[in-house]
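One structure, as structure tokens, below. Some questions next.
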Protein chains: 2
Amino acid sequence: MYISDPSETKRPARQRDAERTRAAILAAARTLFSTRGYAHTGVREVADLAGVNSALVGRYFGSKLGLFRATLEELDITPMFQLERHRFGVTMVAVFFDSPDAPGPLAMMLLSAADPEAHAASVEFLHKKVLIPLARWLGPPDGEGRAAKLSILWNGFLTSWKLLPLPALTGARLASVRRWLEAETQAIVDEGKA
Amino acid sequence: MYISDPSETKRPARQRDAERTRAAILAAARTLFSTRGYAHTGVREVADLAGVNSALVGRYFGSKLGLFRATLEELDITPMFQLERHRFGVTMVAVFFDSPDAPGPLAMMLLSAADPEAHAASVEFLHKKVLIPLARWLGPPDGEGRAAKLSILWNGFLTSWKLLPLPALTGARLASVRRWLEAETQAIVDEGKA
DNA sequence: CGGATATGTACACGGTCGTTTACCTAGGAC
DNA sequence: GTCCTAGGTAAACGACCGTGTACATATCCG
């Protein structure tokens, strides 16, 4: 029986489903971490957004840092390496521009860079899951150096677009920067070839 | 008389010098904001590093946000616009590489990007004090677009060097990226010229 | 010299946060 | 049907933080 006076009744009883609950927390964390960063995301906020009791965050992920790490582990950037090499620039740019939450993971890491532990987790993720595979995918000559250049370009673009947004990055000028980004990206991919 | 038992004596009495105190707080704030970011820098920390009572931060700057803004206002990037155009790339890169705290201001803003109020102050500063003057200095064609490109390049480099440091950015590879950065920067400055 | 005031100090308030504890109960095992 | 445990809830703890207040005193002006 659902009573309107909360002082006379217990909560209606949430459906019990561990996987669903865990997934809901993870999804909420992804959203909040990538918009507010680690420090400004509270476990109570995450729980509220997930529609879940806040103590469950501790139960499922051990700690806030554990939740952050789990959010990182969930990421999968391997689709990037399925793109055609000769169209990498345009395709990559299109992905970032057209899917509104594509920059999420990077924003999450940048916004959390001030927290030592979250920062360490981010650096490790970027290194192991992005840069090393990217360098391998680029191949010789100097795959690592070219991976670093790509990282610089894209970190810079994301930073200047979402984090400390340049007012200049709108309309026709955004389109111009977009073409520049495509060309630079493609040039790095093609470097040393033919 | 300096007593070893603090319960039996008052503090020795600090020299009174408003300007010096204010400057000490500002210097400490610059250091901490640019290494830990806004959220992870406490007013007590700043005061301790400055060797000053923590209530003085409030007295001199009103609030923590006021302190952050004052730290921003102190910055002066006009020397950048004194550089020779045809050597802008190499000189600019040299400044960043050789003076160890040159990236400080940008690091401070990026690390504080998660705090709405500090973020707003940073964006306003970047716009008014950096991008608009830079666009004007670059001149036609499309000074604003080229300023945006420079911003992307340098934001990206700083991010990948200091914030989420790429392990690949060391030794010979760092030198290679450095040359690339010089060339790209110079190309943007020269764009459309002769 | 004797106040007046700018400067510095000590401390507590209210709030938020991550985490932990103690308890409840839905729902499957038998 | 009964137990038992995984899943969920409520509340509190201790720590930290930004800020405000009440008080002390060095320094300067008359």
Side-chain angles (χ1 to χ4, degrees), chain A residues 1-3 6-26 28-29 32-33 36-71 112 114-118, chain B residues 1-3 6-26 28-29 32-33 36-71 112 114-118:
Chain A
M1 182 176 178
Y2 291 53
I3 310 285
S7 70
E8 292 192 3
T9 181
K10 306 280 179 180
R11 274 287 173 75
R14 174 187 167 77
Q15 269 198 20
R16 301 193 169 190
D17 184 337
E19 270 191 59
R20 187 180 169 79
T21 301
R22 207 186 123 97
I25 295 175
L26 224 36
L32 291 177
F33 280 148
R36 301 206 229 282
Y38 185 78
H40 286 76
T41 298
V43 304
R44 288 171 177 85
E45 270 180 306
V46 174
D48 284 353
L49 182 58
V52 146
N53 186 286
S54 67
L56 294 180
V57 174
R59 180 192 291 278
Y60 283 101
F61 299 97
S63 67
K64 185 183 174 182
L65 182 60
L67 175 59
F68 186 82
R69 281 203 260 252
T71 311
S112 308
D115 297 76
E117 292 160 318
Chain B
M1 182 177 177
Y2 293 100
I3 310 285
S7 71
E8 292 191 5
T9 180
K10 305 279 177 182
R11 273 289 173 72
R14 174 186 168 77
Q15 268 197 19
R16 300 194 167 190
D17 184 339
E19 269 190 60
R20 188 181 168 80
T21 301
R22 208 187 122 96
I25 295 174
L26 225 35
L32 291 177
F33 281 148
R36 301 208 231 285
Y38 185 78
H40 286 76
T41 297
V43 303
R44 290 170 177 86
E45 268 181 308
V46 174
D48 285 353
L49 182 57
V52 146
N53 187 287
S54 66
L56 294 180
V57 174
R59 181 190 293 279
Y60 284 101
F61 300 96
S63 67
K64 183 183 174 182
L65 182 59
L67 176 60
F68 186 82
R69 281 203 259 251
T71 311
S112 308
D115 297 75
E117 291 158 320

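Excluded from the calculations below are hydrogen atoms, water molecules and symmetry mates; all remaining heavy atoms, backbone and side chain alike, are included. Quick note on labels: first sequence line is chain A, next is B, and so on, each numbered from 1.
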Pull out every protein N or O sitting under 3.5 Å from an N or O of nucleotides 27-30 of chain C, one pair per line with the distance.
none

Worksheet item: A:Asp17 CG to D:dG7 P: how many Å, rounded?
Response: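 Between P of D:dG7 and CG of A:Asp17: 9 Å.
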Practice prompt. Nearest whole angstrom, please: distance from the P of C:dT19 to the CZ of A:Phe68.
Written response: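 About 14 Å, once rounded to whole Å.
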Discussion item. Here's a test of your reading of the structure: between B:Arg59 and A:Arg59, which maps to the more 5' nucleotide of DNA chain D?
Written reply: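 Whichever sits nearer the 5' end wins; that is A:Arg59.
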Item to complete: Please list, chain by chain and in numerical order, all residues satisfying salt bridge (charged side-chain N to carboxylate O under 4.0 Å, His left out) with A:Arg36, sequence neighbours excluded.
Response: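 Applying salt bridge (charged side-chain N to carboxylate O under 4.0 Å, His left out) to A:Arg36 gives A:Glu45.
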Discussion item. Nearest whole Å is fine: how far is C:dG18 P from A:Ile25 CD1?
Written reply: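 Result: 14 Å.
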Discussion item. Measuring only between side-chain heavy atoms, which start at C-beta, is A:Thr41 closer than 4.5 Å to A:Phe68?
Written reply: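 Contact flag for A:Thr41/A:Phe68 side chains = no.
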Worksheet entry | Distance in angstrom units between A:Arg20 CZ and D:dG8 C1', rounded |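 Those two atoms, CZ and C1', are 15 Å apart.
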Discussion item. Show me the pairs that pass salt bridge (Lys or Arg N to Asp or Glu O under 4.0 Å) and involve residues 50-68 of chain A, at least two apart or across chains.
Written reply: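 Residue pairs passing salt bridge (Lys or Arg N to Asp or Glu O under 4.0 Å), neighbours aside: none found.
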Worksheet item: Which listed nucleotide (D:dG7, D:dA10, C:dA10) is nearest to the side chain of A:Tyr60?
Response: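 Of the candidates, D:dG7 comes closest.
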Discussion item. Give me the atom names and distance for the closest heavy-atom approach of A:Ser112 to A:Ala118.
Written reply: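 Closest pair (atom of A:Ser112, atom of A:Ala118, distance): O-CB, 3.9 Å.
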Practice prompt. Please state how far atom CG in B:Asn53 lies from atom P in D:dC23, giving the value in whole angstrom units.
Written response: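 Going from B:Asn53 (CG) to D:dC23 (P), I get 17 Å.
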Worksheet item: Is B:Val52 close to B:Ile25 at the side-chain level, that is, under 4.5 Å between some pair of heavy atoms?
Response: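 A side-chain contact exists here, since the closest heavy-atom pair is under 4.5 Å.
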Item to complete: Apply the test side chain to side chain contact (heavy atoms under 4.5 Å, CB included) to residues A:Tyr60 and A:Leu26: give CA-CA distance (whole Å), side-chain angles for both, the deciding distance (0.1 Å), then the verdict.
Response: CA-CA 10 Å; A:Tyr60 283 101; A:Leu26 224 36; over 6 Å; no
Worksheet item: How bent is the helix from C:dC1-D:dG30 to C:dC30-D:dG1, comparing axes over its five end pairs at each side, to the nearest 10°?
Response: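 Inter-axis angle at the ends, rounded: 0°.
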Worksheet item: Checking side chain to side chain contact (heavy atoms under 4.5 Å, CB included) for the pair B:Leu49/B:Leu32: CA distance, chi angles, key distance, verdict?
Response: CA-CA 9 Å; B:Leu49 182 57; B:Leu32 291 177; 3.9 Å; yes
Item to complete: Measure from CZ on B:Arg36 to P on D:dC17 and round the result to the nearest Å.
Response: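 From B:Arg36 CZ to D:dC17 P: 10 Å.
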Worksheet item: Between atom CG of A:Asn53 and atom CZ of A:Arg44, what is the distance when rounded to the nearest 0.5 Å?
Response: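 It is 10.5 Å, given to the nearest 0.5 Å.
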Discussion item. If the condition is side-chain contact (heavy atoms from CB on, under 4.5 Å), which residues does A:Leu65 pass it with, not counting sequence neighbours?
Written reply: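 A:Leu65: side-chain contact (heavy atoms from CB on, under 4.5 Å) contacts with A:Tyr38, A:Ser63, A:Arg69, A:Glu117.
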Fill in: Heavy-atom pair with the smallest gap, counting every atom of B:Ala50 and B:Ala24
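Result for this residue pair: CB-O, 3.5 Å.
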Sub-3.5 Å pairs of nitrogen or oxygen atoms, protein against nucleotides 18-20 of chain D:
residue : atom : partner : partner atom : Å
D:dG18  : OP1  : B:Thr41 : O            : 3.4
D:dG18  : OP1  : B:Lys64 : NZ           : 2.7
D:dG18  : OP2  : B:Val43 : N            : 3.0
D:dG18  : N7   : B:Arg44 : NH1          : 2.8
D:dG18  : N7   : B:Arg44 : NH2          : 3.4
D:dG18  : O6   : B:Arg44 : NH2          : 2.8
D:dT19  : OP2  : B:Lys64 : N            : 2.8

Discussion item. Rounded to whole Å, how long is the line connecting atom CD of B:Glu45 with atom P of D:dC17?
Written reply: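 Taking CD of B:Glu45 and P of D:dC17, I get 7 Å after rounding.
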Worksheet entry | OP1 or OP2 of D:dG8 under 4.0 Å from side-chain N/O of A:Thr21 |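 Looking at the OP1 and OP2 atoms of D:dG8, one of them is under 4.0 Å from a side-chain N or O of A:Thr21.
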Discussion item. Just the rounded figure in Å: distance from P of C:dC24 to CG of A:Leu56.
Written reply: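 Rounded to whole Å, this separation is 17 Å.
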Practice prompt. For A:Thr21 and A:Leu56, work out which heavy atoms get closest and say how close.
Written response: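 Of all heavy-atom pairs spanning A:Thr21 and A:Leu56, the closest is CG2-CD1, 4.1 Å.
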